[in-house]
Each structure stands twice: as C-alpha cells, then as structure tokens.
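Input: a single structure, listed below in structure tokens.
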Amino acid sequence: MVTLTFPDGASRDYEDGITPMAVAKSISSGLAKKVLAAKLNGELWDALRPVEGDASIELVTAKDPEGLELIRHDAAHVLAEAVQELFPGTQVTIGPVIENGFYYDFHRDEPFSDEDFAAIEKKMRFIIERNDKFTREVWDRNDAIKLFTEMGETYKAELISDLPEDETITIYRQGNWFDLCRGPHLPSTGKVGKAFKLMKVAGAYWRGDANNVQLQRIYGTAWATQEELDQHLHMLEEAEKRDHRRLGRELSLFHMQPEAQGMVFWHDNGTTLWREVENYIRRRLQVADYQEIKTPILINNQLWKKSGHWDKFRENMFVSEVSHGAHDEVHALKPMNCPAHVQVFNQGLKSYRDLPLRLAEFGCCHRNEPTGALHGIMRVRGFTQDDAHIFCTEDQITDETKSFIRLLKSIYEDFGFEDLLVKFSDRPQTRAGTDETWDKSEKALMDAVTAAGVDVVLNPGEGAFYGPKLEFVLRDAIGRDWQCGTLQVDFVLPDRLGATYIGEDDQRHIPVMLHRAILGSMERFIGILIENYAGKFPLWLAPTQVIVATITSEADDYAQNVCDKLTAAGLRVKTDLRNEKINYKIREHSVGKIPVIAVVGKREAEEGKVALRWLGEGNKQQDIMSIDEAVTVLSQKSLPPDLARG
RNA sequence: CUGGGUGUAGCUCAGUGGUAGAGCUGCCGUUUUGUAAACGGAUUGUCGGGGGUUCGAAUCCCUCCACCCGUUCCA
C-alpha cells in the first residue's frame, strides 16, 4: 500500500506498484489521456514507472512547463531514431531540450542539409504515428558500455564511462530503438504530437570543446499545440522583419562594406538617431555629476604595456607600426578607454575631497574580433562605448553602485525597457588582489544591489580578473535578452598606472576604479532600439519627425511655409512636393515609418491649417489644427523623456 | 575559429554549358491629385575577386573574399 498526496492536499491509498498513469485513470479517463508524466515529491517521474513508496504526487500534462519539456526531449529522441533509420552508420551523441525546442548532435561523415529535413520529419511523423511505448530499463554500467561499444556508438559508451560511479544507468526503449537517457519520458512517442519542425543544421563540437571532433547538430522546435508552433514561427518572422540589418538599409540608417569589416558607415538618418541618444545620455550624465572627456584613439604601446593590455589583449588589438627615420614607433588603437582615463585622473594632485571623480567618454574603441563573431551593428570591431570610470574610495563603492543602478534603470525605462535582469559575477579562478580585497569588494557590490532593491542572478567565477562585476541584461519587445550595461570594480589598474590621491591622513592612497557603461556600445544599443521599435521610433528619436505632404502643387508654397515654421521650432521636418497622389505619399511615408505626416491641400492653405496624421496600424485619424497649434503640439510631443519630465 | 549555407540590377529573386532576365525602386513623360501604390516609356549588370577546363562558363573545377546560420566570445 502506498499513500499519495495530491496538490489540493487530499490523499489516497493505492496498491504497491501503481503507476501515475493508473492514478490518473482512477481519477478520470480524460485525465489519463492527457497525463504525460508525474512529479513525485517534486521529482519528475515516468507516467508508466511504478511509484516507489508514499509521496506527494502532481500529474504533469502538456500545459505544464515540465510537460512541454518532455515533448521536446522526446522529439529529440524521435529525431535520433528517424535519422539513424534514414542514414545508417550515423552515431548519436546527445540531444537536450533548449529554449523553444531541442537539438540532437550526430556524427556522420556526409553533411546533412535542409533538404533532408522533409524526409526526416516524415519519418518522425511515422514514428510518432506508430505510438511506441517508452520503457525504462536499468542497466549495469559495464553491460551498457559493452552494448553501446558493440553497436559502434562510441560517444554513448564514452558518456557512460564518464558518469559518476553511483549514477543509475538507464536506457529508454521506443519500439526497436533505444537510447541512453536519464529520463523521464512520455508514455509513448505518440504524445510528442505534430507541432514540431526541424529548423536548421549547424556544426557543434563534441562536448562543446573546439579540440574535439565536430558533430552535426540538427535543431528543432516543438510545442504542445499547433497554435503555439504557429505562434512561434510567426515570432521568428517578426524578428526577421525587425532585423536591424534589414531596417538599417530600408530606413537608410547605415551600411557596412567589406573594406571596413565590422565597422559602420552611419548615414544621415542613423547619425541623427545616434546624436539624439548621445545627447540624451550626455544630459543624464551631467545631472549625475559626471565630467565628459575625450581621449586619443591611437596610443603608443608603452602605455598598453604598462596597463597590461599588451600582455593580455594584444591579439585583439589593431596595431600600427610607423617608421620615423631611424626608429620605429608602435601604436595601437584603444580597445578600452580605462588606461586613458587614468591618465586624465593623474593630471594634477588629487585630494580625497575630489572623490568620487566620475570621468565619462563616448569612447571610440576598436577590437580585432574574429570574423565569425561579427553580427551587423550588434557585434562590431569599431564601437563607441558610453563609458565612464568612477574613481572613489572603497567606502564609496556601495553608494556609487546604488546611484549608478538608479541612473541605469531610469535610462532603460526612458527607452521603453522595463524588464531588467542583473547578473552578479564573483571572483574567478585566476585573479589579482588578495582574498580580503575580494571579500570587501564583493560585499560592497552585493550590499549595493540589495540596497538598490534589485534581484541578482549569481554568475559564479565569471568576474573580471581585477574585480567582481555586474551585468545588466534587458528584454526587448519580442522577448529577447540583450546584455548592455556593466559595472566592474577594479583594484588593479589604478595601482598599475600609478593613480593616487591624498587622503585625510595626508598620505597617498590608491583609488578604486569603477568601470561602468549603461548602453554598452552605441552601435549595439541603437541596433537594439531599431529591433525593439521595429523601426517605428518614438518621436524624439525619429530621424525625420514630420513630412509635410502636399495634395496639389497649388499648396507648395504653403507647405514650405509650414515646414519652415516647424523646423524653426527645432523639429526635423521634410517636405514632399512631388507630383504624386496623396495616397501614394501616405503609403510611402508610412512604410518609411515617418511618425507624423502633415497633409496640406488647397483647403488647409486657405484656412492656414494642417492635417496631422500619426503613424499607426490602419490609423486614419487626423488632427486638423492651425500651424501654431501644430508647432506647440509637436514640440511638446517630441521632447526627449528627460526634458519632458521638466 | 570550426561546420553548413549564400553571393546575378539599388532591393527581392529566376536563370545548371550556347545572345544575362522578372517584379519593385529609381529616372523621363502624361496626370493636379483629399488620406496606405494613377498611367505610359526608356534605362539599369566587372553574374563576389582571381585562376583553370572548354570552341564557348553566371552555370563545371581550384583558390581567395565577404555575408548568413550555428558554436565561441563579448560591449
């Protein structure tokens, strides 16, 4: 007899060896059809595996996150079986569940291609149709290794030998096919359903190590229902439509070309966007008591040797060698701004009264990233950081961090990002500084985030070698995460570069340096803005805010007059006097994502009015008003959020 | 860095050994237009670069480059 307790607190007795499936049947046949697995005392359990003793039980269906994971996991198994049937000689390795789906890594000499997908999917559907039961078998370790070795499945055999001694080795069977697997699984392949799709094939290393052989990874997505699959595919389409590379071209924001790989040619529109973002940050920093500076891009390698970059970062730096008659000089483009900022700090004697000293720069950095790492304007070789270094005492770390987080959150919110994830990375294996220093700086940082009321996710051992760091990740309009801001505590660099201040005790002390960025890089952040807004920028950011479009050429002079008045009020305005129908102009500028179209025809010209049409899905509403009113309304609405707050 | 894919007009793409194409954009003309595409016309090319095979190459082979998707790394 076993006693099972249900989530509602009720408990029932069942005979020994009862399965969760049988439990479900005892409740209702409808539930029995839906049940995929169970949670026994919180542990996921096969629906067909007998219960071992008293437990709390929770039945898992496709509606539960765990149920969806099982569907994806089993889809991976079905994929593996299908592939092995269609491509004999292919070895299986691992096939985990990932966000939105699953993948399976195979070893096969010939490449898979997208064209194989149709056949594989067909075979998968066949296996699912067949509805084979998943059965769990516990194996002796050596027997299992022998089994897989004899089958030629060397990867599986290797996996088993590397499992901890006390681990139970389980094999799951589906029909004639089986796989090493911890489980649990669905009752049968049929429960995987039809809402799956193979997405792409890519290379991946065995155990993620580039020194190992390369495997072929087939990615798939799987969902509980067809609707969810469709929704997911739709989201992907939406992401493609928002792709900043596409919008960058369509809206003429920027372009890139092979002669300057990983560097951006900003066009007029993109530059306007940049300038608005930069000016906004500049205003925020000014209020937050930062000083803005500008330091050289090209610096002699003597400094990089002192800072340690020449040792640690040389392969990522662009180096310039120039011959000056007899002697050569070696310079490098700065990959970071910090050493240069210390040089500014070092000018003149600093007192403790000068601290905290916050030096900010829109610093243009270059890093020689591998080609494969580049991606549009999100990951480039030449980028501008909204960088700053706060020189302070150890006691000031907490307060500085607190006010930094407050500033960062407020800035993200102004751009429409409400969701923020903060990662806390503590001491790495190889590090500089004593344990006491690390204890102190980690505590100061942690106290600060707690005081700022932010939850953090621990990222153990991922800190910089010179100190712990915070990483700020924001979530965009379609649910994607982007790492932008960062704050790093540094006890090393100020020491190396000889930064000191005179303390209250009249002695020289070494300041702590906080490296911090909010947007991260202007390029990436603007890329994120493009995708987040899908090119439909809020009025204050829009490269062109208003188009004055005429209905007939009789209104040309009047349109120019309207344009002049709006421009004089500081708005970014263009006229469209072309010999085209108003329908044509409205469509074109709507597609061009211009926020406001000011339509003027004979009527408006006679009455001294404008008809404002706001960008929006199927928005036909227009506001008719005098020119002066339009100036007032548009000036008000185009204020950046910080200025709008007054 | 490694695996796969792609590279043809400004954009999206067709063209698999025999005279380089379509749609959209742009340009010119007609149309003076009332809220998401008026009509007509002409033009548009180192077929990613280089080399090779062939009577003949966008097409086959070699090589280099860039981009895309993964992996990795990061701002």
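Here is the naming used below: chain letters follow the sequence lines, and residue numbers restart at 1 for every chain. Atoms considered below: every heavy atom in the structure, side chains included; atoms not considered: hydrogens, waters and symmetry mates.
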With sequence neighbours excluded, tell me which residues meet salt bridge (Lys or Arg N to Asp or Glu O under 4.0 Å) with Glu523(A).
none
With sequence neighbours left out, the residues meeting salt bridge (Lys or Arg N to Asp or Glu O under 4.0 Å) with Glu606(A) are none
Base, sugar-phosphate alone, or nothing: which one does Arg367(A) contact when heavy atoms must sit under 4.0 Å apart?
base
Taking only nitrogen or oxygen atoms into account, show me every contact under 3.5 Å that the protein makes with nucleotides 2-5 of chain B, one pair per line with its distance.
unit_1	atom_1	unit_2	atom_2	d
rU2(B)	O4'	Tyr205(A)	OH	3.3
rU2(B)	O2'	Gln214(A)	OE1	2.1
rG3(B)	O4'	Gln214(A)	OE1	2.7
rG3(B)	O4'	Gln214(A)	NE2	3.3

Quick check on contacts: within residues 592-601 of chain A, what sits under 4.0 Å from RNA chain B by heavy-atom distance?
Val599(A), Gly601(A)
All side chain to side chain donor-acceptor pair (under 3.5 Å) counterparts of Trp310(A), not counting sequence neighbours:
none
Tell whether Glu604(A) reaches the base of rG34(B) with its side chain through a donor-acceptor pair below 3.5 angstrom.
yes
With the sugar-phosphate defined as primed atoms, P, OP1 and OP2, and the base as all remaining atoms, what B/S/- string results for nucleotides 41-50 of chain B, 5' to 3', for protein heavy atoms under 4.0 Å?
----------
For rC11(B), the nucleotide meeting Watson-Crick or G-U wobble distances (both under 3.5 Å) is rG23(B)
For nucleotides 64-68 of chain B, which of its nitrogen or oxygen atoms have a protein nitrogen or oxygen under 3.5 Å away, and what is each distance?
unit_1	atom_1	unit_2	atom_2	d
rA66(B)	OP1	Gln261(A)	OE1	3.0
rC67(B)	OP2	Gln261(A)	NE2	2.9
rC68(B)	OP1	Arg245(A)	NH1	3.0
rC68(B)	O3'	Arg245(A)	NH1	3.4

With Arg246(A) via salt bridge (Lys or Arg N to Asp or Glu O under 4.0 Å) - residues at least two apart:
Glu250(A)
Short side-chain N/O contact from Arg613(A) to OP1 or OP2 of rA36(B), under 4.0 Å
yes
Can you name the residues that form a salt bridge (Lys or Arg N to Asp or Glu O under 4.0 Å) with Asp105(A), not counting sequence neighbours?
Arg217(A)
Could you pull out every donor-acceptor pair under 3.5 Å between side chains of residues 253-265 of chain A and any protein atom, sequence neighbours left out?
unit_1	atom_1	unit_2	atom_2	d
His255(A)	ND1	His267(A)	NE2	2.8
His255(A)	NE2	Gln257(A)	OE1	2.9

Do the side-chain N or O atoms of Lys200(A) get closer than 4.0 angstrom to the phosphate oxygens (OP1, OP2) of rC69(B)?
no
Strictly below 4.0 Å: does Tyr584(A) bring a side-chain N or O up to OP1 or OP2 of rU32(B)?
no
Could you tell me which nucleotide pairs with rA58(B) by Watson-Crick or G-U wobble geometry, both distances under 3.5 Å, or answer none if nothing does?
none
Identify the nucleotide, in any strand shown, that forms a Watson-Crick or G-U wobble pair with rG40(B), with both distances under 3.5 Å; if there is none, say none.
rC28(B)
Please identify each residue that fulfils ring pair (Phe, Tyr, Trp, His ring centres under 6.0 Å) with His244(A), with sequence neighbours left out.
His375(A)
Pairwise C1' distance, rA57(B) and rU44(B) [rounded to whole Å]
24 Å
Which residues share a side chain to side chain donor-acceptor pair (under 3.5 Å) with Asp311(A), sequence neighbours left out:
none
